[in-house]
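Working notes for the structure below.
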Amino acid sequence: KEILLEIKNLDAHYNVDGQPVSALQDVNFSIQKGERVGLVGESGCGKSTLLKAIMGVLAPNAQITRGAIKLHEGDLLQASPEQRRQSRWNDIAMITQSALNALNPVHKIGDQIIEAIQSHRDVDRQQARTRATELFELVGVPPQRLDDFPHQFSGGMRQRAVIAMALALSPEIVLADEPTTALDVIVQDQIFERLDLLQKEQAFSMILVTHDLALVVESCSRIIVMYAGMIVETGPTHEVVRRPFHPYTAGLRYAIPDPSTKYEPISIPGAPPDLSQQINGCRFAPRCPLATSKCELEMPPLVSSLASDAARQTRCHHADQMDQSRDRFHDQSF
Ligand code: ATP
Ligand code: MG
């Protein structure tokens, strides 16, 4: 399979009151052409920061201090601002949680899409409008509503319009940051179904950030679990969820109700570490029931956790104990 996007040794921090707050550390992964990957982890673990870094839209106080973001071999971090601008929306598109931020309230929605197309493609207004009409049909909004303003749209329709905008230039990869979180459950399902269909038809790659582990299980072949700015586990979704090797993944797994087991959902006590402090050991150690003094002193590397499957990787000194310890996570011995 062809690798489309490759993130290598990425470190990033935010400057807050002159102090660095580590938001991403040693992030490594790659995405194949057409692949759909789910990115999960609790609030503040760096999911949006990672997507913004890829998209090239980090906040001004953010700084990437190490690593590479390679799209087809070329490192986006070495590209000129103009190359970066060209690549945005064209190669990589982003759908964020709040459609309201993505749409300009004072312009008609159709005009915004047309303008986005014309800023990247040498087409006249009529051609761009034809494309916008086609896009509205794709996402399930009647094309006559191209002449509406954002406030005339319901939340669900606005989110569909944002998806239309993201797909306008047929990007190779779509970064979806909690694309349906702000909507009610029924509309969420409808929109997700549509996105699902479009992804299958157009075969773009997708990174889906969500708090809904069940949605990842349903729709993503691979999962990346982040904790406090680091990838702690990755692999084929079903395998990871069925047999987690990182205690944090086990905690996430048992935090959702599962009708097939007798266990009540549990949540992991404690909170993520303060990322403005230097942490040498495992960032999960203070909350981990398996932690030993080694965990407090030494950051574990992200390595293959299953000899039979190189795609399964875990960042834990005690991954080899998980097969014997997994039940403890059910038994609320956290
Ligand atoms: P959520 O699930 O709540 O969206 P997230 O995983 O997307 O969380 P990020 O938004 O990437 O997390 O934040 C990662 C860390 O960086 C957090 O500690 C957050 O407080 C911090 N952070 C994010 N944006 C900024 C900023 N502009 N300035 C300073 N710190 C920031
Ligand atoms: Mg976020």
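Just so it is clear, the model here is predicted, and its values are computed rather than measured. Order of appearance sets the numbers: ligands from 1, and atoms from 1 within every ligand. What's counted below: heavy atoms across the whole structure, side chains too, no hydrogens, waters or symmetry copies.
Arg66 places no side-chain N or O within 3.5 Å of a backbone atom of Asp11 that could act as its donor or acceptor partner. In this structure a side-chain-to-backbone donor-acceptor pair under 3.5 Å is missing from Glu233 to Val225. No donor-acceptor pair closer than 3.5 Å links the side chain of Glu193 to the backbone N or O of Gln190.
Side chains of Arg283 and Ser22: a donor on one and an acceptor on the other come within 3.5 Å. If you check the side chains of Arg125 and Gln118, you find no donor sitting under 3.5 Å from an acceptor. Checking Thr96 against Asp177 by side-chain atom types alone, no donor-acceptor pair falls below 3.5 Å. Between His317 and Thr292, the side chains place no donor N or O within less than 3.5 Å of an acceptor N or O (distance only, hydrogens not considered).
Distance screen at 4.0 Å: atom 20 (O) of ligand 1 has no protein heavy-atom neighbour inside the cut-off. In this structure, atom 31 (C) of ligand 1 has a protein heavy-atom contact shorter than 4.0 Å.
Each of the following atoms of ligand 1 lies closer than 4.0 Å to a heavy atom of Ser48: 4 (O), 5 (P), 7 (O), 10 (O), 11 (O). Within the listing of ligand 1, atoms 2 (O), 4 (O) sit less than 4.0 angstrom from a heavy atom of Glu178. Ligand-side atoms of ligand 1 in range of Ala59: 27 (N), range being under 4.0 angstrom from any heavy atom. For ligand 1, the atoms sitting less than 4.0 Å from at least one non-hydrogen atom of His211 are 2 (O), numbered in the order shown with element in parentheses.
The Mg ion (ligand 2) does not have Thr49 among its coordinating residues (no N/O/S atom, backbone or side chain, under 2.8 Å).
Here the heavy atom of the protein found nearest to atom 22 (N) of ligand 1 is Tyr14 CE1, 3.4 Å. Among all protein heavy atoms, the one lying closest to atom 13 (O) of ligand 1 is Thr49 OG1, 3.7 Å. In terms of protein heavy-atom proximity, atom 8 (O) of ligand 1 is nearest to Gly44 N, 2.8 Å. Regarding atom 2 (O) of ligand 1, its nearest protein heavy-atom neighbour is Lys47 NZ, 2.8 Å.
Within 6.0 Å of atom CD in Glu115, 12 or fewer heavy atoms from other residues, nucleotides or ligands are found, so the atom counts as exposed in its surroundings. For Glu82, the CD atom is densely surrounded, since the number of other residues' heavy atoms within 6.0 Å is greater than 12.
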| Stepwise, does the ring pair (Phe, Tyr, Trp, His ring centres under 6.0 Å) test hold for His246 with Tyr227? | CA-CA 11 Å; His246 196 286; Tyr227 183 78; 7.6 Å; no
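Nearest heavy-atom pair across Ile279 and Asp274 is CD1-O, 4.1 Å.
By the 4.0 Å heavy-atom criterion, Val16 is counted among the residues contacting ligand 1.
Within the 4.0 Å heavy-atom criterion, both parts of Ser43, backbone and side chain, lie near ligand 1. Looking at Asn61 against ligand 1, only its side chain comes within 4.0 Å, counting heavy atoms. Residue contacts with ligand 1 for Met226 are absent, since no atom lies close enough (heavy atoms, distance under 4.0 Å).
Polar contact with ligand 1: absent for Ala23 (N/O pair, distance under 3.5 Å). At a 3.5 angstrom cut-off on N or O pairs, Gly46 counts as close to ligand 1.
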